[in-house]
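Reading through the structure tokens given below for one structure.
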Amino acid sequence: MSPLAKVRVSYGLTVLLVAAVAGWMSGTVALETVGGAWGAGCASGLMLGLLIYSCGRMLLRILKQWRLTVKGLRLFHSCLHRGWTERLQEEYRAWHTEILVVRDKGVVGLTIGLFRPRIILSTGTLAQCSAEEVKGILLHELHHCRKRDNLKLFLLTLLAESFFYLPVIKPVLAYVHTWQELFADSFAIRQMGTSLHVGAVLLKLAGGAGTPEYGAALQFAGTALDYRMLQVISPEEEVQVPLKLQRPFLVTCCFLLLLMVGGSS
């Protein structure tokens with residue numbers, strides 16, 4: 001199975017698992033309430049509490065994400081470098097993706113926004129990287145924009161935080177995040193015909209080149225740097241990223257089994 005297929009299957013099965021568990025818990029609570037047997041099973045109260053917590057956590061996380069996105073966009077627009085922004089917008093008009101250049105001495109390359117993703121670049125990046133290296137960063141972020149990686153990762157993060165009692169979600173989240181970065185690097189390498197420029201940027205960032213002044217997320221070097229360097233060194237070879245599910249899966253199964261036994265007692 002290809003890495004892309006593995007990512008899609010693991011993502012889809014995780015979402016289905018959460019939906020099935022939430023549906024089963026909701027159905028159990030509803031049946032006991034309607035049937036007048038509320039409290040007959042010690043697990044029913046726990047199920048209701050977990051469902052209320054999960055729903056509340058999801059709502060709070062969505063509101064927090066919205067607030068952070070609005071705050072981030074305001075911050076970036078307040079320090080916008082209009083000259084560079086207009087220049088890059090014109091140069092990459094065919095991409096149909098908004099590119100914003102902000103005044104920051106650090107190296108910043110990221111994608112912001114869930115439904116309307118934008119690429120954020122800093123003047124520090126333009127100063128410290130060559131034109132080809134900058135293009136490599138932009139291509140990497142373009143892949144994130146086109147694939148709506150921010151939205152996909154946010155949804156999985158939302159499930160991991162809200163359904164903390166299903167620990168099997170966390171390793172899938174880390175696995176998907178790692179492959180998102182690898183896919184974006186691979187896209188940039190294919191478009192440029194060489195891994196030299198992407199590798200040069202990763203080496204600079206691994207060496208601590210430029211820290212963002214505004215605390216912006218440095219998405220280009222955000223995760224799995226070792227795996228990404230392996231891909232750059234040998235782009236023709238498939239990187240092996242382990243999906244460590246055994247222990248979290250067993251813990252999840254034990255928890256669900258306890259709920260089932262408690263609900264039937």
Side-chain angles (χ1 to χ4, degrees), residues 1-8 81 83-102 104-112 117-150 152-153 174-212 216-242:
M1 187 182 295
S2 68
L4 180 58
K6 291 179 182 178
V7 169
R8 288 176 174 173
H81 191 295
W84 269 112
T85 297
E86 292 174 0
R87 189 180 308 179
L88 290 181
Q89 290 275 30
E90 179 64 27
E91 183 176 353
Y92 297 102
R93 179 185 296 180
W95 288 6
H96 303 292
T97 301
E98 187 175 3
I99 302 174
L100 303 178
V101 179
V102 298
D104 192 309
K105 295 180 181 179
V107 178
V108 177
L110 59 91
T111 299
I112 188 172
R118 305 167 178 84
I119 298 174
I120 307 294
L121 212 61
S122 69
T123 52
T125 303
L126 297 172
Q128 299 181 47
C129 299
S130 67
E132 291 300 313
E133 290 169 354
V134 169
K135 185 176 181 181
I137 296 174
L138 289 173
L139 285 168
H140 176 101
E141 301 304 333
L142 176 66
H143 186 272
H144 285 316
C145 291
R146 289 181 173 176
K147 298 299 181 179
R148 296 292 190 271
D149 283 344
N150 279 6
K152 295 174 183 176
L153 197 64
Y175 183 76
V176 170
H177 194 187
T178 298
W179 274 110
Q180 281 185 349
E181 297 303 315
L182 288 170
F183 290 149
D185 282 347
S186 179
F187 173 78
I189 291 171
R190 289 197 309 271
Q191 292 296 311
M192 302 190 75
T194 177
S195 61
L196 177 63
H197 307 299
V198 172
V201 177
L202 290 176
L203 283 175
K204 289 180 180 179
L205 296 175
T211 302
L218 188 57
Q219 184 165 319
F220 184 83
T223 186
L225 197 57
D226 291 342
Y227 292 117
R228 296 172 66 185
M229 288 302 301
L230 282 174
Q231 180 172 253
V232 166
I233 294 172
S234 302
E236 69 283 350
E237 296 183 11
E238 184 178 299
V239 178
Q240 299 298 323
V241 180

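Within a 6.0 Å sphere centred on NZ of K152, heavy atoms belonging to other residues, nucleotides or ligands number more than 12.
Summarising the geometry of R118 relative to E98, their closest heavy-atom pair is NE-OE1, 3.1 Å, with the distance given to 0.1 Å. When every heavy atom of Y227 is checked against every heavy atom of P242, the shortest pair comes out as OH-CD, 3.2 Å. For S195 against V232, the heavy-atom pair with the smallest separation is OG-O, 3.0 Å. Residues T85 and I99 come closest through the heavy atom pair CG2-O, 3.3 Å. Between L138 and Y92 the shortest heavy-atom distance is CD1-CE1, 3.4 Å. Across all their heavy atoms, G106 and S122 have their closest contact at O-OG, 2.6 Å.
Between E90 and R93 there is a salt bridge, since at least one side-chain N of the basic residue sits less than 4.0 Å from a carboxylate O of the acidic one.
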Practice task
Could you give me the CA-CA distance, side-chain angles and deciding distance for H197 and K135, then say whether side-chain contact (heavy atoms from CB on, under 4.5 Å) is met?
Solution key: CA-CA 9 Å; H197 307 299; K135 185 176 181 181; over 6 Å; no
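Rounding to the nearest 0.5 Å places CH2 of W179 at 8.0 Å from NZ of K6. One finds the CG atom of L4 at 11.0 Å from the CE atom of M1 (value rounded to the nearest 0.5 Å). Interatomic distance, OG of S2 versus CD of E238, reported as 8.0 Å (0.5 Å rounding).
Inter-residue side-chain proximity for T178 and Y175 is flagged as unmet; no heavy-atom pair is nearer than 4.5 Å. Residues H143 and D149 form a side-chain contact, since some pair of their non-hydrogen atoms from C-beta on lies under 4.5 Å apart. Counting heavy atoms from C-beta outward, L153 and Q180 have side chains that approach closer than 4.5 Å.
In this pair, H144 and H140 present their aromatic rings perpendicular. The plane angle is above 60°, beyond the 30 to 60° band.
Considering V101, D104, L88 in turn, V101 is the only one that fulfils the side chain to side chain contact (heavy atoms under 4.5 Å, CB included) rule with H81.
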